[in-house]
Amino acid sequence: MFDLIVRGGTLADGRIADIGITGDTIAAVEDLSGAEAGLVIDAAGDLVAPPFVDPHFHLDATLSYGLPRINASGTLLEGIGLWGELKQIVTQDEMIERALAYCDWAVSQGLLAIRSHVDTCDDRLLGVEAMLEVRERVRPYLDLQLVAFPQDGLYRDPTARDNTIRALDMGLDVVGGIPHFERTMADGAASLRELCEIAAARGLMVDIHCDESDDPLSRHIETLVFETQRLGLQGRVAGSHLTSMHSMDNYYVSKLLPLMAEAQVAAISNPLINIVLQGRHDTYPKRRGLTRVREMQAHGITVGWGQDCVLDPWYSLGTADMLDVAFMGMHVAQMTSPEEMARSFDMVTTQNARIMGLDGYGIAPGKTASLVVLDAGNPIEALRLRPARLAVVSKGKVVSRMPREDAGLSLPGRPDTVRRRHTLG
């Protein structure tokens with residue numbers, strides 16, 4: 001007797017299986033035809049996947065679009081300036097309420113793990129306190145990792161270093177940084193050295209906003225790789241954005257990528273945001289700033305897609321749907337072969353889970369009973385449709401249900417309803 005059975009779903013690898021859940025754990029993935037359960041979800045013909053994972057977000061700023069005003073230039077730097085104004089007037093309660101509202105959106109989309117950068121360049125650390133409260137409140141159904149992020153530069157901001165250490169002492173999970181926003185390249189490199197040393201001493205992971213620039217000479221990823229090797233942080237470090245790599249000399253990149261692979265430094269690309277923010281100084285041809293996803297994957301580097309922003313000073317759109325992120329990313333990266341499209345789905349599930357170091361992730365006996373049932377037959381169809389999340393299960397509990405999105409038609413000689421699902425071949 002199971003607490004829950006998800007019956008007849010198609011897994012991402014094409015297998016059709018029943019999933020038996022007891023408590024908060026997957027107990028069986030097999031034919032459970034004769035088994036009983038307190039609740040049964042009929043997933044016949046539907047894709048059943050592990051939950052979506054977002055390894056790069058800014059929960060302290062989300063849903064604040066238009067406050068104190070709209071980003072008129074659409075640039076990264078104006079967004080940082082706007083956020084600097086907003087964080088002086090926002091209240092802790094407002095931050096908490098917006099973050100919780102976004103987490104509700106996330107759950108409805110099957111997004112059950114988020115890594116959020118939290119600005120530590122505020123002597124009050126209101127955002128840190130707010131996000132720590134949010135982490136505790138969503139813990140029963142959503143895994144939230146918090147990054148201590150000195151938004152205005154570890155050294156450029158006079159109190160950022162001390163505040164970042166205070167934030168880590170308060171219980172933030174990951175060490176962050178932004179070396180390209182320091183006053184000099186030398187300061188950027190020095191900030192990476194110190195941040196990685198802090199992480200090594202505390203046994204923490206590292207996630208750096210790294211080279212989010214159109215400048216091909218912004219090469220802090222090289223320093224991040226070196227410090228990872230020097231301090232034995234392999235497998236615990238991620239470089240986020242890496243947009244300068246879009247504009248780098250190909251020869252230099254041919255040297256850089258093997259070093260990243262050797263150091264096991266992961267990469268997080270944020271396609272929705274960077275194709276909007278990057279290239280703003282270009283006329284034509286206009287760069288789109290997406291890092292070299294396919295090339296990194298060819299070297300065995302773990303690469304994930306991140307959401308980054310939703311309705312905040314940097315980005316005026318967003319829905320908490322990681323399939324939107326993957327859909328845009330595979331277009332801009334020109335990942336359109338069947339194998340590449342399937343890999344793009346993997347980037348918002350298993351690859352992102354690997355970057356975040358999530359324990360118990362996946363659909364197999366003994367894993368945490370978190371999954372999503374989608375109105376699609378396979379991962380590629382899920383990317384094409386970005387379909388309804390028919391059921392979302394978090395830690396053994398059904399936390400969201402959604403109806404199918406069939407449309408009713410009134411056309412002579414045609415069916416009464418239409419679905420956009422379509423199996424090739």
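From a predicted model like this one, the values you see are computed outputs, not experimental measurements.
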> Given the rule in the side-chain contact (heavy atoms from CB on, under 4.5 Å) test, do Val107 and Ser394 qualify, once you have shown the distances and angles that lead to the verdict?
Replying inline: CA-CA 9 Å; Val107 168; Ser394 176; over 6 Å; no
>> Treating Asp60 as the side-chain partner and Met95 as the backbone partner, does any N or O pair qualify as donor plus acceptor under 3.5 Å?
In response: no
> What pairs meet the salt bridge (Lys or Arg N to Asp or Glu O under 4.0 Å) rule with one or both residues in residues 162-188, with sequence neighbours excluded?
Replying inline: Arg135-Asp173, Asp169-Arg202
> Considering residues at least two apart in sequence or located in another chain, which fulfil the side-chain contact (heavy atoms from CB on, under 4.5 Å) criterion with Asp143?
Replying inline: Ala113, Lys395
> Any side-chain heavy-atom pair from Cys196 and Ile208 closer than 4.5 angstrom?
Replying inline: no
>> Is it the case that over 12 heavy atoms from other parts of the model lie below 6.0 angstrom from the CZ atom of Arg420?
In response: no
> What pairs meet the ring pair (Phe, Tyr, Trp, His ring centres under 6.0 Å) rule with one or both residues in residues 352-403, with sequence neighbours excluded?
Replying inline: none
> Which residue pairs satisfy the ring pair (Phe, Tyr, Trp, His ring centres under 6.0 Å) criterion with at least one member in residues 85-132, sequence neighbours excluded?
Replying inline: His56-His117, Phe57-Tyr102, His58-His117, His117-Phe149, His117-His209
> With a 4.0 Å cut-off, would you call Asp312 and Arg98 a salt bridge?
Replying inline: no
>> Once rounded to the nearest 0.5 Å, what's the spacing between atom CD of Gln109 and atom CE of Met322?
In response: 11.0 Å
>> Does this structure show an ion pair linking Lys255 with Glu222, if we count only N-O contacts that are shorter than 4.0 Å?
In response: yes
> For the atom pair CG (Leu125) and CG (Asp119), what is the distance rounded to the nearest 0.5 Å?
Replying inline: 9.0 Å
> Does the side chain of Asp207 come under 3.5 Å of the side chain of Ser240 through a donor N or O and an acceptor N or O?
Replying inline: yes
>> Taking side chain to side chain donor-acceptor pair (under 3.5 Å) as the definition, give me every residue that meets it alongside Gln334, ordered by chain and number, with sequence neighbours left out.
In response: none
>> Tell me whether Glu339 is salt-bridged to Arg343, with the criterion being a basic N under 4.0 Å from an acidic carboxylate O.
In response: yes
>> What I want to check is whether the side chains of Thr164 and Thr120 have a donor and an acceptor closer together than 3.5 Å.
In response: yes
> So how far is it from Leu390 CG to Leu374 CG, rounded to the nearest 0.5 Å?
Replying inline: 7.0 Å
> Can any side-chain N or O of Asp211 pair as donor or acceptor with the backbone N or O of Thr243 at less than 3.5 Å?
Replying inline: no
>> Quick check: closest heavy atoms across Lys87 and Arg124, and the distance to 0.1 Å?
In response: O-NH2, 2.8 Å
>> Would you compute the distance between atom CG of Asn274 and atom CG of Asp308 and round it to the nearest 0.5 angstrom?
In response: 6.5 Å
> Which ring pair (Phe, Tyr, Trp, His ring centres under 6.0 Å) pairs, counting each pair once, include a residue from residues 252-292, with sequence neighbours left out?
Replying inline: none
>> Using the salt bridge (Lys or Arg N to Asp or Glu O under 4.0 Å) criterion, which residues pair with Glu340? Sequence neighbours excluded.
In response: Arg294
>> So, taking the atom named CD in Glu94 and the one named OG1 in Thr91, what distance separates them when rounded to the nearest 0.5 Å?
In response: 3.5 Å
>> Using every non-hydrogen atom in the two residues, find where Gly239 and Leu224 come nearest and quote the distance to one decimal.
In response: CA-CD2, 4.1 Å
> Which atoms form the tightest heavy-atom contact between Cys309 and Trp314, and what is the distance?
Replying inline: SG-CB, 4.0 Å
> Who passes side-chain contact (heavy atoms from CB on, under 4.5 Å) against Pro258, sequence neighbours left out?
Replying inline: His299
>> Could you check whether Ser400 and Arg389, counting side-chain N and O atoms only, form a donor-acceptor pair closer than 3.5 Å?
In response: no
>> How long is the straight-line distance from SG of Cys121 back to CG of Leu154, given to the nearest 0.5 Å?
In response: 8.0 Å
>> On a heavy-atom basis, which atom in Thr62 and which in Val310 lie closest, and how many Å separate them?
In response: OG1-O, 3.1 Å
> Is the CZ atom of Arg386 crowded by more than 12 outside heavy atoms at less than 6.0 Å?
Replying inline: yes
> Should we count CG of Asp13 as having more than 12 external heavy atoms under 6.0 Å?
Replying inline: yes
> Is it true that atom CE of Met185 has more than 12 heavy atoms of other residues, nucleotides or ligands lying nearer than 6.0 Å?
Replying inline: yes
> With sequence neighbours left out, what residues match Phe327 under ring-ring contact (aromatic ring centres under 6.0 Å, His included)?
Replying inline: His331
> Is a side-chain donor or acceptor of Asp157 paired with a backbone partner of Pro150 at a separation under 3.5 angstrom?
Replying inline: no
>> In the structure I gave you, are the side-chain heavy atoms of Val276 and Ser316 within less than 4.5 Å of one another anywhere?
In response: no
> Should Asp375 and Arg419 be marked as a side-chain contact (heavy atoms from CB on, under 4.5 Å) after you check the CA-CA gap, both sets of side-chain angles, and the distance that decides it?
Replying inline: CA-CA 10 Å; Asp375 190 6; Arg419 304 180 72 187; 2.6 Å; yes
> Between the side chains of Asp123 and Asn163, does any donor sit under 3.5 Å from an acceptor?
Replying inline: yes
>> Applying salt bridge (Lys or Arg N to Asp or Glu O under 4.0 Å), can you list everything that pairs with Asp249, at least two apart in sequence or on another chain?
In response: none
> Are the side chain of Ser191 and the backbone of Pro179 linked by a donor-acceptor contact shorter than 3.5 Å?
Replying inline: no
> Which is it for Leu371 and Ile21 under the side-chain contact (heavy atoms from CB on, under 4.5 Å) test, yes or no, and what are the steps along the way?
Replying inline: CA-CA 11 Å; Leu371 55 84; Ile21 293 170; 4.3 Å; yes
> Under the side-chain contact (heavy atoms from CB on, under 4.5 Å) test, which residues partner Glu97, sequence neighbours left out?
Replying inline: none
>> Can a donor-acceptor pair be found, under 3.5 Å and without considering hydrogens, that links the side chain of Thr22 to the backbone of Ala27?
In response: no
> Any salt bridge between Glu405 and Arg421, counting N to O under 4.0 Å?
Replying inline: no
> Of all residues at least two apart in sequence or in a different chain, which pass the side-chain contact (heavy atoms from CB on, under 4.5 Å) check with Thr319?
Replying inline: Asp321, Asp324
> Nearest heavy-atom pair of Leu277 and Thr75: which atoms, and what distance?
Replying inline: CD2-C, 3.8 Å
> Of all heavy-atom pairs between Ala167 and Val128, which one has the smallest distance, and what is that distance?
Replying inline: CB-CG2, 4.0 Å
> Is the shortest heavy-atom distance from the side chain of Ile70 to the side chain of Tyr65 under 4.5 Å?
Replying inline: yes
